[in-house]
Amino acid sequence: MKRELSHRQLQMLIQVSNAINSTLNLDMVFNTIMRETLAVIEAADEGYLFLYDPEEDMLVAKSIFLRSNDILSVVRLKPGESMTGITFLNKACTHFPDRDSVYQATRTMSPGNQARLTAADPIFPYSAACAPIMTNGECIGVITLDCFHPHKSFQPEDLQLLEAISHQAAVALEKANLYRAQENSISLLEELNVQMNRQNQLLNRSLEIHQHLARLVLHGEGLQAIFTYLHQLLGKTCLLLDQTGELIVASVEPLPAATQNQLANLRAFLHPLLVKATSLPLPEAPHTLIDCVLFPIGAKANFLGYLVIVTTEALEEVDRAALEHASTVISFELVKKQAIFETEQNLKGQFIEELFAGRMSEQLTEQAKHLQLDASRLYQVLTIHFEADKLDFAELYSLILTVRRHLTQLAADLFLKRFPHGLIVARHDHLILLLSYPQSVAEIEAQRYLKEQCQMFADYVASKKWGLRAAFGIGSVKRGLSEVYKSSEEAVKCLQFLKNYKTGSSYISYSELGGKRLLLQNSADELTDYVLEVLGPLLSYEKSRKREFLQTLAAYVANSLKMKETAQSLNIHLNTLIYRIRRIEEILGISLAVNKHFMDVCLAIEVYGLLEVQVEQRMSQLLSPAR
């Protein structure tokens, strides 16, 4: 083979070089190389260009010029596989002069590639020529030409021209790759520039929003002003919820019906997280729910609530940044309010402790004045105690700490709305209310109002399904602060009574206890013994009945031993009642006409109603050996 190209070959090479260098588009370069090569080498009927992919260690088709089928586009060749792979490894222009050499070369193909090639075109070329595309001593691809005419073949000058074309192809590919890399760099720089501009805009807007929010806080505008600003900024309804899901602030008032429904759904979502007091709801990042996004307020150690954005659309990055700023500012406001609340509670708590100890002093009187408590008014103590059957002490205390600000506000709304000159103190697992009345108050009406509010409070706590239950002890009304300690002691006794005895009510006042106050001085066991001493024979006699005699006796006593009224209340004949009373007196060995017997029976029946379970259990124990 001549090492120098002839004049005609140089002209052809110049033609190919001009065509190849006419574009920097990589795909067009591939096709131009093959098109021009096939045009200047007469023996070539087909041609294809493969590039080496180092990640896959495969030669991949980039440009294919076949007579009929482009099956090679799906063929990937390993180095050493077929004529193209052999040339890739040899790194030298290779000639396959006859059909036998072509066949032997294709036999090196994988079974899969052979099957594809045979199915597409079972006719083998009469000869083939391959030239490696070399760059910096490394083979980066191969140009392969096929001849399908038996009377034509690749001449040495064709191989020489093909080798020269492959060198030109290497230069063109390198130039196109450099251009593509430069284009990619420019595109990357443009994209980075867009991102930087967006980040600058985001930073500027975030800074503006942060400064505006900070001004609102510094000027003492409060939470409502913050939420009004957020509404103007986003054009969306914004809500602030406490840990229980209760609304603290809304950006619009009144709330639309759809938003109220969404709020109900939010409470349902948050409820199990609140009741499981050992877990913290959504402590780290915004949380997307249906038609809203929640931003947690506060940290794990002091979780304060949620900023809620009511929206059906995804929030933009700049809006999220603004809301994260707002969450921080809101947390400061809530922490400030919490600190004020705790400070007030501590001061009021110390005052209440001294007041309930009955130690009036000049200093305590001065404190009362600061708390706007007039020493000459009427006062009454209401104690609200919280219990939970399904929570241990730690879980109960944690839950109460979480909801006590909310419950304190609820108590203020219910109990201090009509008589505002009082105070509320949150202490551990209970609330203490010091209610204040003017001298002219109608006490009966005030107490009726108080019981109504107790029932509303109890119903509300039950409706929240926190697992909490409220009990209310109501002391009697006292004149002046110096007598308040007596009312506090009475409220505690009422709670003790509710705890020990079955009353069917969540509240009781000391004035309603009447003679039942005496029960507080005896234990449940002692009172059970007393009931059995008085009513034991009757209970034993009726062990297999439905307590018919006991019910008759209770009705007879309740109707002040009046036969006619008792018979009517029991819906029985008068003669039946006379028989039952006579039989009851025989069983008990008493006469209800005797004052002492009457009083014992009255008290025993009252205690039985309060301790029915304990009495019946004791009766079962006493009667079991006889069975």
Side-chain angles (χ1 to χ4, degrees), residues 201-202 204-274 280-299 303-338 402-403 405-406 409-410 413 460 463-465:
Q201 292 174 1
L202 177 63
N204 290 334
R205 189 179 180 198
S206 297
L207 182 60
E208 179 184 347
I209 293 168
H210 185 71
Q211 289 174 341
H212 192 101
L213 290 170
R215 283 195 297 271
L216 291 176
V217 173
L218 290 174
H219 294 160
E221 296 293 335
L223 290 170
Q224 188 60 62
I226 293 173
F227 275 77
T228 300
Y229 172 67
L230 290 178
H231 183 72
Q232 294 171 350
L233 183 70
L234 304 174
K236 305 179 189 300
T237 301
C238 306
L239 310 174
L240 178 61
L241 309 182
D242 66 11
Q243 305 96 314
T244 70
E246 293 300 319
L247 182 65
I248 300 175
V249 179
S251 61
V252 293
E253 291 287 353
L255 288 178
T259 304
Q260 292 180 8
N261 293 335
Q262 182 65 21
L263 192 54
N265 294 334
L266 279 173
R267 293 190 183 114
F269 171 76
L270 297 174
H271 178 264
L273 301 175
L274 172 68
L280 181 66
L282 313 175
E284 296 176 356
H287 190 87
T288 302
L289 296 174
I290 298 175
D291 297 342
C292 71
V293 181
L294 274 69
F295 289 79
I297 304 295
F303 189 68
L304 301 170
Y306 306 90
L307 167 60
V308 180
I309 311 303
V310 180
T311 177
T312 57
E313 303 169 350
L315 292 174
E316 294 184 1
E317 185 180 359
V318 66
D319 292 335
R320 280 186 172 265
L323 291 167
E324 286 171 1
H325 281 315
S327 297
T328 302
V329 172
I330 292 168
S331 69
F332 290 152
E333 281 292 294
L334 291 178
V335 167
K336 181 175 71 175
K337 288 181 175 295
Q338 186 180 56
T402 301
V403 302
R405 277 191 66 188
H406 178 65
Q409 184 59 52
L410 174 67
D413 293 340
Y460 178 86
S463 71
K464 304 311 289 184
K465 295 182 172 56

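Heads up: numbering here begins at 1 and tracks the sequence. Treat the numbers as computed from the prediction; the structure is a model and nothing was measured.
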Q.
Using the rule given for side-chain contact (heavy atoms from CB on, under 4.5 Å), can you reason through Leu323 versus Val293, listing the C-alpha separation, both sets of side-chain angles and the distance that settles it, and then say yes or no?
A. CA-CA 10 Å; Leu323 291 167; Val293 181; over 6 Å; no

(Q) Quick check: closest heavy atoms across Glu324 and Phe295, and the distance to 0.1 Å? (A) CG-CE2, 4.2 Å

(Q) Around atom NZ of Lys337, are there more than 12 heavy atoms from other residues, nucleotides or ligands closer than 6.0 Å? (A) no

Q: Kindly check if the number of other-residue, nucleotide or ligand heavy atoms within 6.0 Å of CD (Glu316) is above 12?
A: no

**Q.** side chain to side chain donor-acceptor pair (under 3.5 Å) partners for Asn261, two or more places apart
**A.** none

Q | Side chain proximity check, Leu266 to Leu294, heavy atoms < 4.5 angstrom | A | yes

Q.
Within the structure provided, determine whether Glu246 and Gln409 are in side-chain contact (heavy-atom separation under 4.5 Å).
A. no

Q: To the nearest 0.5 Å, tell me how far Leu213 CG sits from Glu208 CD.
A: 10.5 Å

Q. Are side-chain heavy atoms of Leu240 and Leu334 found at a separation under 4.5 Å?
A. yes

Q: Would you please classify the geometry between the Tyr229 ring and the His212 ring as parallel, tilted or perpendicular, with 30° and 60° separating the classes?
A: parallel

Q.
Any heavy-atom pair between the side chains of Gln338 and Leu304 that's under 4.5 Å?
A. yes

**Q.** Nearest-0.5 Å distance that lies between atom CG in Leu223 and atom OG1 in Thr228
**A.** 10.5 Å

Q. Can you tell me how far the OG atom of Ser251 sits from the CD atom of Gln232, to the nearest 0.5 Å?
A. 10.0 Å

Q. Are any of the side-chain heavy atoms of Thr237 and Gln262 separated by less than 4.5 Å?
A. no

Q) Within a radius of less than 6.0 Å around OH of Tyr460, do more than 12 heavy atoms belonging to other residues, nucleotides or ligands occur? A) yes

Q: Measure from the side-chain N and O atoms of Gln224 to the backbone N and O of Ala250, and report whether any donor-acceptor pair falls under 3.5 Å.
A: yes

**Q.** Approximate separation, where rounding is to 0.5 Å, of Asp242 CG and Ile297 CD1
**A.** 12.0 Å

Q. Atom CG of Leu239 and atom CD1 of Ile309: how far apart are they, to the nearest 0.5 Å?
A. 8.0 Å

Q | Residue pair Leu241 / Leu263, side-chain heavy-atom distance below 4.5 Å | A | yes

Q) Can you check whether Leu247 reaches Leu255 side chain to side chain, under 4.5 Å on heavy atoms? A) yes

**Q.** From CG (Leu230) to CD1 (Ile330), nearest 0.5 Å
**A.** 6.0 Å

